[in-house]
Amino acid sequence: MRWKRLFIFYIKQIFKSKLYIGASVLFFILLISRLILFFSDPYDMEDYGQLPHEIAMLVQMVSIFYIVFFYLLHSKELLYGVQSFFVDGYRIMMEKMSAMFAVHFLCQGVMAVVAYSIFSVIYFVVGIEPSGFYLSLFRFLMVYMFAPLLLSMMYGLIVAMLLGTKKSSFFVILVVWIATGSMNTELFIDFFKMVHANEWKSLLFIGMNTVQHVYNSYIGFDVHWGNELKLITWFLVLSGIILILSLRLTLTTRERNLVIKVLLVLPFLTVATAYGAVELSTKAFSRADNTTEINYYRKMKMNEMETDLRYDIESYSISLKEKQATVQVKFSRMDTVEPTFQLYHAYPVKWIKADHKRVKFERQGDILRVHLPASTTSLTFHYEIVDTNFVPYTNGRTALLADKAWYPKKRASQMYEIYEFKIYGTNERISPMELTERFLPEESYFFTLEVDDEVLFCNLPRRGTVYSGKAQAVTLIKGQGNQLVYEDYHITYPADWPKMEERISTVVPQLEKALHEVQQLAPTTVQSLPKAIVFSSFGLSSLMANDHLVYNTQNSYAIDKYHMGQDFYEQMLRLSLQRKGSYIMYSEWIHMATQFLMQKRGLPFIPTERSFQSDVLPKAQQELIESVYHYFHQLSLEQQQQFLRKWYEEMDETWTWNQVLELVKGSGSIGYLH
């Protein structure tokens, strides 16, 4: 009965408090203001999944008001020492704090539901289809809005019990607010950008790993059980601190002994939840994981291990049971006892068997060398799919693209190649990174794929309980997304993309036109647009095989708007053509060809004299490139097309910019054209 009266009392205190109510109202004023700014952007944006990242900043801003409110409320009660006037004074104090917590829990729950309703209404109005996306959004708000604001009360109680009404309390509140707020990963970015999600140091923050990026196509929002366990750990730690500070306020030996017993149990619970948080935390959204992956390939001594590809693969039989992958590779030819394969280095290999017997193997990066006692007709690889920045595996969701080495491939290179350049005239270096996968037209293997979870997309046809058929390579997506059929195209797209049924009739013809225009410049690796198309934004790479296209927008523009025109042409050039010549020269050819195609189609673009990649070249070569552009712009459209076609046809690693300049100068002659 007393606790009930206290609960009602604190509800009245909150509703009478201008500080608490003002902070709550301010939260929604700021949220609505930020949403208005987002939708008033002159460019149509596609990244609706990133919209809830606004929560981090708003939670940081209003949490200090809640901390101050509960500090003032509790410090005043402790100041008069009312709890010492009664025999059960300590119990009264604990009931007060629990009643405060319950009232705050209720108020923040209502705020979280209102915030969820605002986002849901917006998503429904813009046309995002009902799906698990909305449930993930609710969980996201619980983790990054509700829970941090709930903990703000405990910070206020701790400061009140520690310092009372001393003026220094407000300085301590300020420090606590900055150090533990949802934005501390941004405020202390130099420290946290090097902290992996599965390190103990990651327990030092309860906010988002990066506030700008909270949603991945097909993977979903940055939430997983590691988040919840981390929050429980913080709750246990703060509860322990409150109990320790309350020991001096106990009135009887029985009360003190009871508190001590609880305090003896709390460390074990805290360590258990902290360990679980570290073990379960995903790395897919971690800045540190991205940095580690890039540095891994940067430091890799390319081609140190000699490769041996004197074998031919006939078929693959792949079994995926949760994280466990078992791949049987059958060979039509095996002329070596030390074959090498490309397999993503992040996936730990448990064993490799030949004729049901384990064999030895060694590894350097993504290259595996298998030591066979004798020639064999098949090998079985058993390894684990783990969560990384390049290939995320979160909450059972993963996007295993055909251009990634997620199963053993007959390739002689690492999965990624890094080009190191120093910008001319500066000490700044750039390190562009590219996948080394090239889908060769003559490659075709028979695949059988067995998966234990629901599959959103696979480029292999489904036959009963398995996916099987011939393909150059396999893409498998287990995740959150939507699908539709347009004419004879099967379209897969992210859950946060709105009204795709209305827009797809604009997008697919644009892609068809882009591929057709590219085919006028150079022979493409595919003859027509694949009938299976996967769209994405953020995280995934783009690829084009004979039977499917994965298209990553690489920006936040809506895919059916004119801003995507340049992106369609540039992407189609990169995806459908085999790379030739040096990295810089090929990039410049792509840049010039993109401008030509934009001009040919009458699309708006800003003409430039060269691409930014050429900034790494000496000044003399930069001037040569600018001269190439100067002569190029003087040609007619037909002459420009002939020049680009001839340049691509003859370009190789030995080509110089002087040769390109001579070619473009000669392209204006009638004889060259005919």
Side-chain angles (χ1 to χ4, degrees), residues 432 509-529 542 544 551 554-555 561-617 619-674:
Q510 285 181 320
L511 288 172
E512 290 176 330
K513 287 180 182 178
L515 179 60
H516 176 72
E517 295 291 345
V518 169
Q519 289 172 335
Q520 308 307 307
L521 292 179
T524 56
T525 56
V526 297
Q527 300 308 309
S528 61
L529 193 67
S542 295
M544 184 183 290
Y551 192 96
Q554 298 184 340
N555 56 44
K561 301 303 178 182
Y562 73 91
H563 305 94
M564 292 299 299
Q566 179 170 356
D567 193 67
F568 282 151
Y569 283 120
E570 182 175 349
Q571 287 271 55
M572 203 58 67
L573 285 163
R574 293 188 181 278
L575 296 177
S576 64
L577 301 181
Q578 289 293 320
R579 204 188 80 191
K580 299 181 66 177
S582 66
Y583 174 83
I584 297 295
M585 185 170 288
Y586 182 69
S587 296
E588 204 65 53
W589 185 89
I590 292 287
H591 182 71
M592 185 177 288
T594 301
Q595 290 197 12
F596 162 74
L597 293 173
M598 294 282 287
Q599 182 181 2
K600 183 179 179 181
R601 298 300 303 177
L603 296 173
F605 73 100
I606 301 175
T608 57
E609 292 303 316
R610 56 186 176 85
S611 69
F612 72 90
Q613 284 95 342
S614 60
D615 290 343
V616 303
L617 298 175
K619 190 67 175 177
Q621 292 192 43
Q622 292 182 24
E623 291 175 352
L624 277 175
I625 297 173
E626 290 170 0
S627 297
V628 172
Y629 275 88
H630 171 73
Y631 285 103
F632 177 77
H633 290 313
Q634 294 181 16
L635 302 177
S636 67
L637 286 176
E638 183 184 359
Q639 290 171 329
Q640 288 178 351
Q641 180 169 297
Q642 292 285 357
F643 161 68
L644 289 168
R645 186 185 299 167
K646 188 72 173 177
W647 181 9
Y648 179 84
E649 180 183 331
E650 298 186 2
M651 177 170 47
D652 59 28
E653 294 287 345
T654 66
W655 260 57
T656 66
W657 288 107
N658 281 316
Q659 289 175 277
V660 179
L661 182 59
E662 290 301 315
L663 182 62
V664 72
K665 285 181 178 180
S667 297
S669 64
I670 300 298
Y672 172 74
L673 281 174
H674 299 282

Worksheet item: If you take all heavy atoms of Val526 and Gln519, which pair is closest and at what distance?
Response: O-NE2, 3.5 Å
Item to complete: Please determine if Arg645 and Glu649 form a salt bridge, counting it only when a charged side-chain N lies under 4.0 Å from a carboxylate O.
Response: no
Fill in: Rounded distance (nearest 0.5 Å) linking atom CE of Met585 with atom CG of Asp652
9.0 Å
Practice prompt. Please check if the side chain of Trp647 supplies one atom and the backbone of Val660 the other of a donor-acceptor pair under 3.5 Å.
Written response: no
Discussion item. Please check this pair: side chain of Gln622 against backbone of Leu617, looking for a donor-acceptor N/O pair closer than 3.5 Å.
Written reply: yes
Discussion item. Is a donor from one side chain sitting under 3.5 angstrom from an acceptor on the other, for Gln640 and Lys600?
Written reply: no
Worksheet item: How far apart are the closest heavy atoms of Tyr586 and Arg579, and which atoms are they?
Response: CD2-CG, 3.1 Å
Fill in: Non-hydrogen atoms of Met572 and Ser576 that approach each other most closely
O-OG, 2.5 Å
Fill in: Pairwise distance CD(Gln621) to CG(Asn658) - rounded to 0.5 angstrom
8.5 Å
Worksheet item: CG of Leu624 to OH of Tyr629: how many Å apart, nearest 0.5 Å?
Response: 13.5 Å
Discussion item. Run Leu521 and Gln641 through side-chain contact (heavy atoms from CB on, under 4.5 Å) and show every step you take.
Written reply: CA-CA 6 Å; Leu521 292 179; Gln641 180 169 297; 3.7 Å; yes
Item to complete: Using only heavy-atom distances, determine whether the side chains of Gln634 and His630 contain a donor-acceptor pair under 3.5 Å.
Response: yes
Worksheet item: What distance do Arg574 atom CZ and Met544 atom CE have between them, rounded to the nearest 0.5 Å?
Response: 14.0 Å
Worksheet item: Parallel, tilted or perpendicular for Tyr648 and Trp589, by the 30°/60° rule?
Response: tilted
Worksheet item: Should we say atom OH of Tyr583 is surrounded by more than 12 heavy atoms from elsewhere, each under 6.0 Å from it?
Response: yes
Fill in: Atom of Ile584, atom of Ser614 and distance for their closest heavy-atom approach
CG2-CA, 4.4 Å
Practice prompt. Determine yes or no for a side-chain-to-main-chain donor-acceptor pair under 3.5 angstrom, with Gln595 supplying the side chain and His591 the backbone.
Written response: no
Fill in: Derivation and outcome, side-chain contact (heavy atoms from CB on, under 4.5 Å), residues Asp615 and Arg610
CA-CA 9 Å; Asp615 290 343; Arg610 56 186 176 85; 2.7 Å; yes
Discussion item. Run the side-chain contact (heavy atoms from CB on, under 4.5 Å) test on His516 and Gln520 for me, step by step, so that the C-alpha distance in whole Å, both residues' side-chain angles and the decisive distance to 0.1 Å come before the verdict.
Written reply: CA-CA 7 Å; His516 176 72; Gln520 308 307 307; 3.4 Å; yes
Worksheet, complete the sentence: Closest non-hydrogen contact found for Glu653 with Gly581 is OE2-O, 2.9 Å
Worksheet item: Atom CG in Leu663, atom NZ in Lys646: separation rounded to 0.5 Å?
Response: 7.5 Å
Worksheet, complete the sentence: Between Leu573 and Thr594, the two heavy atoms sitting closest are CD1-OG1, 3.4 Å
Discussion item. Do Val628 and Met592 make a side-chain contact, defined as non-hydrogen atoms from C-beta onward lying under 4.5 Å apart?
Written reply: yes
Worksheet item: So Phe643 and Phe632, would you call those rings parallel, tilted or perpendicular, with 30° and 60° as cut-offs?
Response: tilted
Discussion item. Checking the side chain of Thr525 only, and the main-chain atoms of Leu577 only, is there a donor and an acceptor separated by less than 3.5 Å?
Written reply: no
Worksheet item: Are Tyr551 and Phe568 near enough that their ring centres are under 6.0 Å apart?
Response: yes
Worksheet, complete the sentence: When rounded to the nearest 0.5 Å, the distance separating CG of Leu529 from CD of Gln510 is 12.0 Å
Worksheet item: So, does Gln659 use its side chain to make a donor-acceptor pair with the main chain of Thr656 at under 3.5 Å?
Response: yes
